[in-house]
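Here the structure is laid out as structure tokens; the discussion comes afterwards.
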Amino acid sequence: DGGITQSPKYLFRKEGQNVTLSCEQNLNHDAMYWYRQDPGQGLRLIYYSQIVNDFQKGDIAEGYSVSREKKESFPLTVTSAQKNPTAFYLCASSIFGRGLNTEAFFGQGTRLTVV
Amino acid sequence: DAKTTQPNSMESNEEEPVHLPCNHSTISGTDYIHWYRQLPSQGPEYVIHGLTSNVNNRMASLAIAEDRKSSTLILHRATLRDAAVYYCILRPQTGANNLFFGTGTRLTVIP
């Protein structure tokens, strides 16, 4: 089945450690996105990528890094520089292209807890 | 980027229609209006989108004002499964392909 997969669903890390969240899609989508969601809040854009080897900062990129070496994969690293990393992280993908306007597909999220 | 404004919360009785409003007064001529909903502890799912004309699909209807400065998502008969946070976002037809979400409207369905 085509879809977008995030792993793991729950992740615990000690303060000061870097941690990488996985996002894989087999929808052949060009664009991929990472969002952060805090309890009772909306989604805030961290990074997005429109094509392989290119990505752009969103509203809250500080303390995060990404890579886009393959079309299918867009991993997010939460670095020790992120002051408040405990949150629900969501990955999404969509078709990208001028004149195209289609829906985004979301993964089920990774809940990161830093202790 | 053009932003949207939605009420924080709304309530509806089960089996009744629900009208979820969204204001987007700074919308540009090429922005599409998208709606997503998010069930608890899940990722958002697409509901519907449109540009100028009203749209219908199996999940909902989208009514777009003539001046495009507002829109309304219509759930024709609310069920308990429709209880979720509903997000209205604007997606540019060209240019940067980012997706900005606001805080959405939390819909409570009363049995």
Side-chain angles (χ1 to χ4, degrees), chain A residues 3-7 9-10 21 23 25 27 29-51 54-61 68 74 87-112, chain B residues 1-9 22 27-53 55 57-60 62 64 73 84-108:
Chain A
I4 181 164
T5 303
Q6 290 185 243
S7 61
K9 190 169 184 179
Y10 299 95
L21 281 58
C23 179
Q25 53 97 1
L27 300 166
H29 286 169
D30 293 300
M32 296 187 74
Y33 314 80
W34 273 106
Y35 294 88
R36 170 184 172 133
Q37 187 172 37
D38 293 290
Q41 305 296 312
L43 281 67
R44 291 186 290 168
L45 184 65
I46 305 173
Y47 269 98
Y48 66 99
S49 168
Q50 296 175 155
I51 55 172
D54 182 66
F55 46 83
Q56 308 295 326
K57 292 181 180 180
D59 289 334
I60 54 165
R68 187 85 187 277
F74 191 41
F88 188 46
Y89 290 88
L90 286 157
C91 180
S93 71
S94 71
I95 293 172
F96 170 68
R98 292 188 181 277
L100 289 176
N101 205 279
T102 63
E103 72 258 40
F105 292 80
F106 281 81
Q108 290 303 297
T110 292
R111 193 168 298 279
L112 173 64
Chain B
D1 295 289
K3 295 295 191 287
T4 62
T5 304
Q6 299 175 254
N8 287 335
S9 62
C22 181
I27 191 171
S28 77
T30 56
D31 286 342
Y32 277 76
I33 302 157
H34 282 237
W35 283 82
Y36 290 77
R37 72 179 186 182
Q38 185 178 22
L39 301 172
S41 299
Q42 294 189 26
E45 64 172 341
Y46 167 82
V47 177
I48 200 167
H49 78 279
L51 183 61
T52 56
S53 303
V55 184
N57 66 21
R58 63 174 179 81
M59 289 181 72
L62 176 60
I64 300 173
L73 180 71
V85 177
Y86 287 79
Y87 295 97
C88 165
I89 67 171
L90 301 180
R91 188 149 191 217
Q93 189 174 26
T94 59
N97 194 32
N98 44 22
L99 287 174
F100 286 101
F101 282 72
T103 54
T105 296
R106 182 174 299 277
L107 175 65
T108 301

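Below, chain A is the first sequence line, B the second, and so on; all start at residue 1.
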Nearest heavy atoms of Q41(A) and Y87(B), plus distance in Å: O-OH, 4.0 Å
Do E103(A) and Y36(B) touch side chain to side chain, with heavy atoms closer than 4.5 Å? yes
Is Q37(A) close to chain B through its backbone or its side chain, or both, or neither, when contacts mean heavy atoms under 4.5 Å? side chain
Is it true that, when you exclude D54(A) itself, more than 12 heavy atoms of the residues, nucleotides or ligands shown sit nearer than 6.0 Å to its CG? yes
Going by side chain to side chain donor-acceptor pair (under 3.5 Å), name the residues that satisfy it together with Y47(A), two or more places apart in sequence or in a different chain. none
If you count heavy-atom pairs under 4.5 Å with chain B, which of Q108(A), Q6(A), Q56(A) comes out on top? Q108(A)
Just wondering, do Q38(B) and L90(A) contact through their side chains at under 4.5 Å, heavy atoms? yes
Looking at every non-hydrogen atom in both residues, tell me the closest pair between S94(A) and R91(B) and how far apart they are. OG-NH2, 2.8 Å
Proximity breakdown for R111(A) and chain B, heavy-atom pairs closer than 4.5 Å: side chain
With sequence neighbours left out, the residues meeting side chain to side chain donor-acceptor pair (under 3.5 Å) with D59(A) are none
Which of G109(A), G107(A), A104(A) touches chain B most, by non-hydrogen pairs under 4.5 Å: A104(A)
